[in-house]
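Counting starts at 1 for both ligands and their atoms, in listed order. The residues of the chain are indexed from 1 along the displayed sequence.
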Amino acid sequence: MSWGIIGGTGLNQMPGLELLGREAVSTPWGEPSASLVRGRLQGQEVVFLARHGEPHRIPPHRVNYRANLWAMQAAGVTRIVAVNAVGGIDPAMPPGHFCIPDDLIDYTWGRDMTFFEDSLDAVVHIDFTHPYTLRVREALLNALQAAGLAYSATGVYAATQGPRLETAAEVRRLRNDGCHIVGMTGMPEAALARELGLDYACLALVVNAAAGMDEQPISMAAIEAVMAAGMDQVRDILGQVVSAG
Ligand code: HPA
């Protein structure tokens, strides 16, 4: 029952992790984004992977999600917290707010999004009714509650293609579709985790108001400031989650 952490933008490294080793893994699907970092967090062994590479260099549509998930499982990981910086669509989710989504809509295209396409004995259709694993979501919610942070316990994550941000009309559409937050890396990661039978949930930190939801243009400087503060809290939450067992 080993924990894996996939760190997104703002979390390429995991300070506070007592380093046990680094493993360069190659998989039948190619190379993962970075070496896996094996370490101890709050006394528990965890495996950390920087989704965009270390240093951050792989854009969302170029991440080898299949290799990343395969490598995590090969390293003995059975449950994953995926950390994602997102835009807030719901006005109740301003910058600095956390969300543990319970559902998602996939707007990405052209990504390698399944392990089940070649050399199959039979066609496979995973059940993806509830894309995030309840017990991992609950562990995150307990940690957020204990830390006294502002969060939403549910939400629909819109996975967009990127790497550009959305237009105002696209965000209006996402809102009409019932989405609360928007990011570029939530899919196919969640589906691939399910295909491998891994428990998986998303810890989303809102770093900006989604396009058109605020009068201000989206500023990278403002995003980085929110991210710097929020990622310290993310580290505390992750420590709490893994130490809870
Ligand atoms: N849109 C898509 N992805 C994002 C955003 C956004 O507004 N903010 C951070 N990741």
Side-chain angles (χ1 to χ4, degrees), residues 5-13 33 49-63 65 68 81-111 113 131-132 140 149-152 155-191 200-235 237:
I5 297 167
I6 301 181
T9 303
L11 196 71
N12 301 334
Q13 298 173 348
S33 299
L49 174 61
R51 183 187 288 118
H52 297 280
E54 169 49 22
H56 186 297
R57 66 192 157 83
I58 310 170
H61 63 295
R62 286 283 178 80
V63 170
Y65 296 95
N68 285 355
V81 175
V83 182
N84 297 80
V86 297
I89 299 172
D90 185 331
M93 301 189 193
H97 193 82
F98 286 94
C99 177
I100 308 300
D102 61 331
D103 214 334
L104 63 82
I105 300 180
D106 186 8
Y107 300 91
T108 69
W109 48 270
R111 302 183 180 189
M113 61 359 183
Y132 301 108
L140 286 163
L149 295 169
Y151 67 94
S152 298
V156 178
Y157 177 111
T160 55
Q161 178 69 357
R164 65 167 177 83
L165 294 164
E166 295 70 39
T167 66
E170 285 169 338
V171 169
R172 278 199 301 278
R173 176 173 75 139
L174 299 180
R175 195 173 182 191
N176 288 337
D177 283 356
C179 299
H180 302 93
I181 53 178
V182 53
M184 301 173 190
T185 51
M187 282 293 283
E189 198 173 89
Y200 177 99
C202 163
L203 171 59
L205 170 66
V206 178
V207 296
N208 60 283
M213 298 305 300
D214 198 359
E215 296 85 66
Q216 311 294 329
I218 298 176
S219 124
M220 288 319 286
I223 288 182
E224 274 157 25
V226 177
M227 199 124 66
M231 287 303 160
D232 286 341
Q233 297 168 333
V234 165
R235 288 184 197 108
I237 295 161

Please work out, at 4.0 Å between heavy atoms, whether the side chain, the backbone, both, or neither of V182 comes within that distance of ligand 1. both
Is there a donor-acceptor contact under 3.5 Å from the side chain of R51 to the main chain of V83? yes
For atom 5 (C) of ligand 1, the protein heavy atom that lies nearest, with its residue and separation: G87 N, 3.4 Å
Atom 10 (N) of ligand 1 - nearest protein heavy atom and its distance: A85 O, 3.4 Å
Please could you name the atoms of ligand 1 that G183 approaches to less than 4.0 Å, counting only its heavy atoms? 2 (C), 3 (N)
M187 backbone acceptor or donor facing R111 side chain under 3.5 Å: yes
State the CG-CG distance between D214 and N208, to the nearest 0.5 angstrom. 9.0 Å
Please say whether L165 places an N or O atom under 3.5 Å from an N or O atom belonging to ligand 1. no
Using a plain distance cutoff, I'd like to know if N208 has any nitrogen or oxygen under 3.5 Å from a nitrogen or oxygen of ligand 1. yes
Could you tell me whether a side-chain N or O of H52 sits under 3.5 Å from a main-chain N or O of R57, the two making a donor and an acceptor? no
Atoms of ligand 1, numbered as shown, that sit under 4.0 Å from any heavy atom of E166: 1 (N), 2 (C), 6 (C), 7 (O)
I need the single residue from I58, N12, I6 that forms a side-chain contact (heavy atoms from CB on, under 4.5 Å) with S33. Which is it? I58
Backbone N or O of A92 within a donor-acceptor pair of the D90 side chain at under 3.5 Å? yes
